[in-house]
Amino acid sequence: MPELPEVETIARQLRARGVEGKTILTVKVNWAPTIQPLSVAQFSRQVRGQTIDTISRVGKWMLFSLRSGQTLMIHLRMAGSFSMEQGSHDRIVMKLSDGLTLYYRDTRKFGRWKLVDDPQVILGNLGPDALTRRFSRHYFKDTMKNRHRMIKPLILDQGIVAGLGNIYADEALWEAQIHPERLSDSLSDEELERLFRAIKHVLNIGVRNRGTSLGAGKTNYRDVEGESGGHREKVKAYGRGGKPCTRCKMLLERTVVAQRGTTYCPACQRI
DNA sequence: GAAGACCTGCTA
DNA sequence: TAGCAGGTCTTC
């Protein structure tokens, strides 16, 4: 579930909680596949005693830079989250210096932690982060015009642009008034301009609201403080199938595009 | 492209 | 109880 705004929120909160500069005293791994290919013993040995120098984010990856020079790269996938309080699906627990304990919670067990010498081995496969200047309108328009794919799966492709997931992709397309199945090379310069701005806009608003949460269950997004994301009420398209478009009052339609649930306005977003 | 795999829990 | 979920990977 976490997309760029949710991961950014979590990274900021971990920094605010003072996790940077702390030393990892002990590590307990309760679900070994999270840290594959390393064994629990190897992982613990390499991480224990390390100081977390900085916490950063690229796309949906969170990066803990360790004093050793290695980087702990964390992908939350569908349901990963962090908490400073013990919970019911804590897959990794790290005791830090100064009495802090970090709980990595992941109901669905999809999240992955990778301890790497060089983060570029993973980041090199990603397109530019959507909220950086590297993700420029020039790059975006060029890339879209040179592909012949449906626009929604294209902007979801992390190798093209890093950070968008299913919620913010639907939101950006709704805002730009572009049908999710439009072919990328059929979009006019004006449409691409709108979409470029919409992508930056919906992600920035998402960050400002500390992410999006939908339901109320254990798989639902929570930030480090256990709060739901404030962007919930601001969603215009995602999950609103059958409800009126806030722009034109037409009922939003729900379909499947490239195997992902997709909601759009059949009047504002024409094929 | 598409479909299945990886998982658990919520909703209808 | 079946179907679906914010993500990615692998294998056709």
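Note that the structure is predicted; figures quoted are calculated from it, not measured. Every chain is numbered from 1 and lettered A, B, ... according to where its sequence line falls, protein lines coming before strand lines.
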Provide the distance between the two [atom1] atoms, one in [N] and one in [M], to the nearest whole Å.
{"N": "C/dA5", "M": "B/dG1", "atom1": "C1'", "value": "22 Å"}
{"N": "C/dT1", "M": "B/dC7", "atom1": "P", "value": "23 Å"}
{"N": "B/dA12", "M": "C/dG6", "atom1": "P", "value": "16 Å"}

Side-chain donor-acceptor contact under 3.5 Å, [X] with [Y]:
{"X": "A/Thr212", "Y": "A/Tyr168", "value": "yes"}
{"X": "A/Arg222", "Y": "A/Ser228", "value": "yes"}
{"X": "A/Ser186", "Y": "A/Arg182", "value": "yes"}
{"X": "A/Lys218", "Y": "A/Asn220", "value": "no"}

Pick base, sugar-phosphate or nothing for [X], based on heavy-atom distances below 4.0 Å to the nucleic acid.
{"X": "A/Tyr168", "value": "nothing"}
{"X": "A/Arg222", "value": "nothing"}
{"X": "A/Leu156", "value": "nothing"}
{"X": "A/Gln259", "value": "base"}
{"X": "A/Gln158", "value": "sugar-phosphate"}
{"X": "A/Trp31", "value": "sugar-phosphate"}

So, for A/Trp113 and A/Tyr104, is the gap between ring centers shorter than 6.0 Å?
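Ring-ring flag for A/Trp113/A/Tyr104: true, centres closer than 6.0 Å.
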For a stem of at least 3 consecutive Watson-Crick or G-U pairs with distances under 3.5 Å, i pairing with j, i+1 with j-1 and so on, which stems involve DNA chain C?
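B:1-6 with C:7-12, B:8-12 with C:1-5 - these are the stems of 3 or more pairs that involve DNA chain C.
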How close or far is atom C1' of B/dC10 from atom CZ of A/Arg108, stated in whole angstroms?
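Atom-to-atom, A/Arg108 to B/dC10, this comes out as 11 Å.
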Write down the distance between CD1 (A/Ile155) and C1' (C/dT8), rounded to a whole number of angstrom.
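Going from CD1 in A/Ile155 over to C1' in C/dT8 covers 17 Å.
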Under 5.5 Å between ring centres and under 30° between planes: true for A/Phe110 and the base of B/dC7?
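One would not call A/Phe110 stacked on the B/dC7 base.
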Looking at the base of C/dG6, is there any donor atom on it, or on the side chain of A/Asn220, that sits under 3.5 Å from an acceptor on the other one?
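Indeed, a donor on one side and an acceptor on the other fall under 3.5 Å apart.
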Flag yes if more than 12 heavy atoms outside A/Arg270 fall under 6.0 Å of its CZ atom; otherwise flag no.
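Count not over threshold, so no.
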When the side chains of residues 198-205 of chain A are checked against the rest of the protein, which donor-acceptor pairs come out under 3.5 Å, sequence neighbours left out?
residue  : atom : partner  : partner atom : Å
A/Lys200 : NZ   : A/Ala130 : O            : 3.1
A/Lys200 : NZ   : A/Thr132 : O            : 2.9
A/Lys200 : NZ   : A/Phe135 : O            : 2.9
A/His201 : ND1  : A/Glu175 : OE1          : 3.1
A/His201 : ND1  : A/Glu175 : OE2          : 3.0
A/Asn204 : ND2  : A/Lys200 : O            : 3.0

